[in-house]
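Here, residue 1 is the first one in the sequence, and each next residue gets the next number. Bear in mind that the values here come from a model prediction, so they are computed numbers and not experimental data. Ligands are counted one by one from 1 in listed order, and the atoms in each one are counted from 1 as well.
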Amino acid sequence: MSSTAFRNYIDGQFSEPASTFDSIDPSTGLPWATMPAASIADVDRAVEAAHRALRSGPWAAMTATARGKLLVKLGDLVAANAGRLAELEMRDTGKIIRETRAQIAYVGDYYRYYGGLADKHEGAFIPIDKPDMEVTVRPEPIGVVAAVVPWNSQLFLSAVKLGPALAAGCTVVLKASEDGPAPLLAFAELVSEAGFPAGAVNIITGFGHDCGHRLTSHPLVARVAFTGGPSTARRIVANTAENLAYTTLELGGKSPVVVFADADLDSAANAVVAGIFAATGQSCVAGSRLLVERSIKDDFLARLKRKAEAIVIGDPQDPATEMGPLATSRQRERIEAIVAESVAAGGRLVTGGARPVGKADGYYYAPTIIEAQDQALACVREELFGPVLSAIAFDSEAEALALANDTPFGLASGVFTSNLAKAHRMARGVHAGVVWVNTYRAVSPLVPFGGYGLSGLGREGGLDAIRDYTRSKSVWIRTSDDPIPDPFVMR
Ligand code: NAD
C-alpha cells in the first residue's frame with residue numbers, strides 16, 4: 001500500500017494494466033498516483049474468473065460457515081488496517097482523516113455482521129397441499145455480482161454489497177470509481193490476505209463508458225448493485241437490458257431536515273451542520289434542505305451562520321480540520337454555477353457562496369447557506385453534493401410535511417422536535433427510506449438503507465440484504481410409490 005502505482009485485482013492476481021491514468025489529490029489539485037484503467041478485455045477476464053469461481057473450485061465447494069469465517073477475517077483485517085486505508089481515502093478523495101479513520105474501522109463490522117449471517121440464511125420446508133409430495137426451497141447464490149460504486153465512502157458502500165453477496169455464496173467484480181479508487185485497490189490486498197479463493201472477489205477501476213458499461217451489461221453477470229447518481233443509474237438500467245441482471249440502485253438525495261420551534265435548538269443546529277457540512281456535503285444523505293418553523297427562523301439561521309463560519313477548513317490530513325476540499329474540480333464548478341443561478345433568482349446568501357480566502361490550491365468551497373422563499377430555486381431542487389444548505393420557513397406541521405415531500409428524491413430526512421406525537425406523525429408522513437428523529441447521519445450494518453423515488457430501488461444493510469443476493473430453487477419430491485396418474489392433467 002505504500003506504492004503510488006496501483007493495480008487491478010483479477011482472478012487472485014494483481015495485474016499490470018495496459019493503460020493508466022493519473023489520480024489527483026483534491027487538496028493540491030496535483031496528480032499523486034497512477035491508476036489502472038481496466039479495459040473491456042480486463043472486465044471480461046474478471047467476470048469470467050468470477051463465473052468460474054462460482055461454478056467450480058474451492059469457493060463453489062465452501063460451506064456457508066466457512067464463507068462466514070472468511071468474511072469475519074476480512075472484517076478484522078479492514079479494522080486493523082483502517083489507518084492505512086483511511087490515509088489513502090483521504091489522499092485520493094480529500095475526505096478528512098478525522099472521519100475516514102473512524103468510518104473505515106467501522107466498515108470492519110459490516111463484514112463481521114454478514115460473516116455471522118452467512119450460515120443463518122435458511123431455506124424452507126413447504127407444508128404442501130398435496131399428500132404425496134415434499135417440497136423444500138433452497139436459497140442459492142444468484143450468480144456473478146457486478147458492484148459499481150462512486151468515490152465517496154467507497155469502502156463503506158462496497159461493504160454493503162460485498163458482505164451480503166459473499167455471505168450468500170456469490171462471486172463479485174467490484175468496480176471502483178475512476179475518481180479516488182486508491183482505497184479499494186488497496187483493500188484488494190486484504191481480500192487476498194484473508195484467503196478468498198481466486199476469482200471470488202475481483203476489484204478493478206476504470207471509466208464508466210467502457211469498463212462500467214461492459215461490466216454491467218456482461219452476459220455472465222446476474223446481479224448489479226449500483227451506487228451513484230440518478231443519471232448514471234439510468235444508463236446502468238439500460239445496460240442491464242442486455243443481461244437482464246437483477247439490479248438495485250442506491251442513488252442521490254435532496255434530504256429535508258425539519259426543525260420545529262419546540263426542538264432542542266443547540267442540538268438541532270449541530271445536527272444540521274453534521275448533515276450538510278460533514279464530508280464537505282459530499283454524502284448521499286446530506287441534509288441539504290432545511291425547513292425551519294418561522295417563529296425561530298431568524299434565530300436558528302443566525303446560529304447556523306455562526307457555526308458555519310467557525311468551521312475549520314483545510315488540509316484533510318490535519319486532525320483539526322473539519323471540512324476538506326471537494327473531490328473534483330468539476331464538482332466545484334457545478335456547485336458554483338448552481339449557487340450563482342440561485343442567488344441571481346432571488347436566494348438570499350446567509351453565508352459562504354465563494355471559495356474560502358487563502359485556499360488557492362485544492363478544490364475548496366466555503367460552507368454556504370441560502371435562504372429561499374419557495375422550492376423553485378435550483379439550490380433547493382438539485383442535488384449539489386457539496387456544502388450548500390437551502391433554508392425555507394414554514395408555518396404549520398402540514399406545510400412542513402408538504403415541503404419535505406415536494407421532491408422527486410426520498411433517501412433520508414431529519415425531524416427535530418420535543419413532541420413525541422409530532423415526531424411519530426412526521427416519521428409516518430415523510431416519503432424517505434430513512435427518518436432520523438432528533439439525530440442525523442447515523443448508520444449501522446443492522447439497519448436497512450435505501451431510497452424512495454429517484455433515490456433508488458432496493459435496500460442495503462440488515463438481515464434481508466442477503467436475500468437479495470440469492471434466488472430460491474423449489475425442489476419437489478414425490479413420495480408415492482404408485483404410478484404417476486393421468487399424464488394429461490396438471491397435478
Ligand atoms: P456517478 O454516478 O457519476 O458514478 C458512479 C459509478 O458509476 C462510477 O464508478 C462510474 O465509473 C460508474 N459509471 C459511470 N457511467 C457508467 C456507465 N455508463 N455504466 C456503468 N457504470 C458507469 O456518481 P459519482 O459522481 O461518482 O457519485 C456521486 C453520486 O453518488 C451522487 O448522486 C450521490 O448522491 C450518489 N451516492 C449515493 C449513495 C447511496 O447510498 N444512496 C451513496 C453515495 C453516493
Side-chain angles (χ1 to χ4, degrees), residues 21 26 35 37-38 40 43 89 92-95 103 110 146-161 173-181 184-185 203-218 221 224-243 245 247-255 276 279-288 326-332 334-335 382-386 407-412 432-434 441 443 447-461 465:
F21 62 96
M35 298 298 165
I40 287 175
V43 173
E89 182 167 356
D92 218 10
T93 70
K95 190 165 179 172
Q103 194 182 48
Y110 280 73
V148 178
V149 294
W151 48 267
N152 64 310
S153 306
Q154 50 192 297
L155 282 153
F156 167 72
L157 296 173
S158 305
V160 291
K161 297 171 178 58
V173 180
L174 169 64
K175 183 189 120 36
S177 172
E178 60 274 35
D179 295 317
L184 278 183
L185 296 175
I203 303 181
I204 60 175
T205 190
F207 296 91
H209 66 274
D210 51 2
C211 162
H213 176 270
R214 177 63 178 166
L215 178 59
T216 50
S217 59
H218 198 288
V221 163
V224 172
F226 171 75
T227 299
S231 58
T232 312
R234 290 194 173 90
R235 287 201 287 275
I236 299 275
V237 170
N239 299 346
T240 59
E242 299 293 321
N243 54 13
T247 301
T248 50
L249 306 168
E250 295 289 347
L251 312 178
K254 197 67 201 173
S255 300
I276 190 63
T280 318
Q282 301 167 110
S283 166
C284 54
V285 295
S288 53
L326 292 157
T328 63
S329 61
R330 67 174 190 284
Q331 174 77 355
R332 182 169 64 174
R334 181 170 175 269
I335 290 169
E382 291 194 34
E383 183 189 37
L384 276 80
F385 221 57
T407 171
F409 293 104
L411 189 57
V434 179
R441 212 166 170 254
V443 290
V447 182
F449 178 86
Y452 284 30
L454 276 195
S455 290
L457 203 60
R459 295 289 176 268
E460 292 185 327

Sub-4.0 Å heavy-atom environment of ligand 1, residues by chain: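 Near ligand 1, by chain and number: Val148, Val149, Pro150, Trp151, Asn152, Leu157, Lys175, Ser177, Glu178, Gly208, Gly212, His213, Thr216, Phe226, Thr227, Gly228, Gly229, Thr232, Arg235, Ile236, Asn239, Glu250, Leu251, Gly252, Cys284, Glu383, Phe385, Leu411, Phe449.
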Any Lys/Arg nitrogen of Glu460 or Lys161 sitting under 4.0 Å from an Asp/Glu carboxylate oxygen of the other?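 Salt bridge between Glu460 and Lys161, a charged N being under 4.0 Å from a carboxylate O: yes.
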Is a donor on one side and an acceptor on the other found under 3.5 Å between the side chain of Thr247 and the backbone of Ala245?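 At least one qualifying donor-acceptor pair exists.
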Does Gly410 offer a backbone N or O that forms a donor-acceptor pair with the side chain of Ser455 under 3.5 Å?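 It does hold such a pair.
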Taking the inter-plane angle between the rings of Phe207 and Phe21 on a 0 to 90° scale, is it parallel (under 30°), tilted (30 to 60°) or perpendicular (over 60°)?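 If you compare the ring of Phe207 with that of Phe21, the planes turn out tilted.
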Compare all side-chain heavy atoms of Val149 with those of Leu174 and state whether any distance is below 4.5 angstrom. yes
Full working for side-chain hydrogen bond (donor to acceptor under 3.5 Å, both in side chains) between Lys95 and Gln282: CA-CA 9 Å; Lys95 190 165 179 172; Gln282 301 167 110; over 6 Å; no
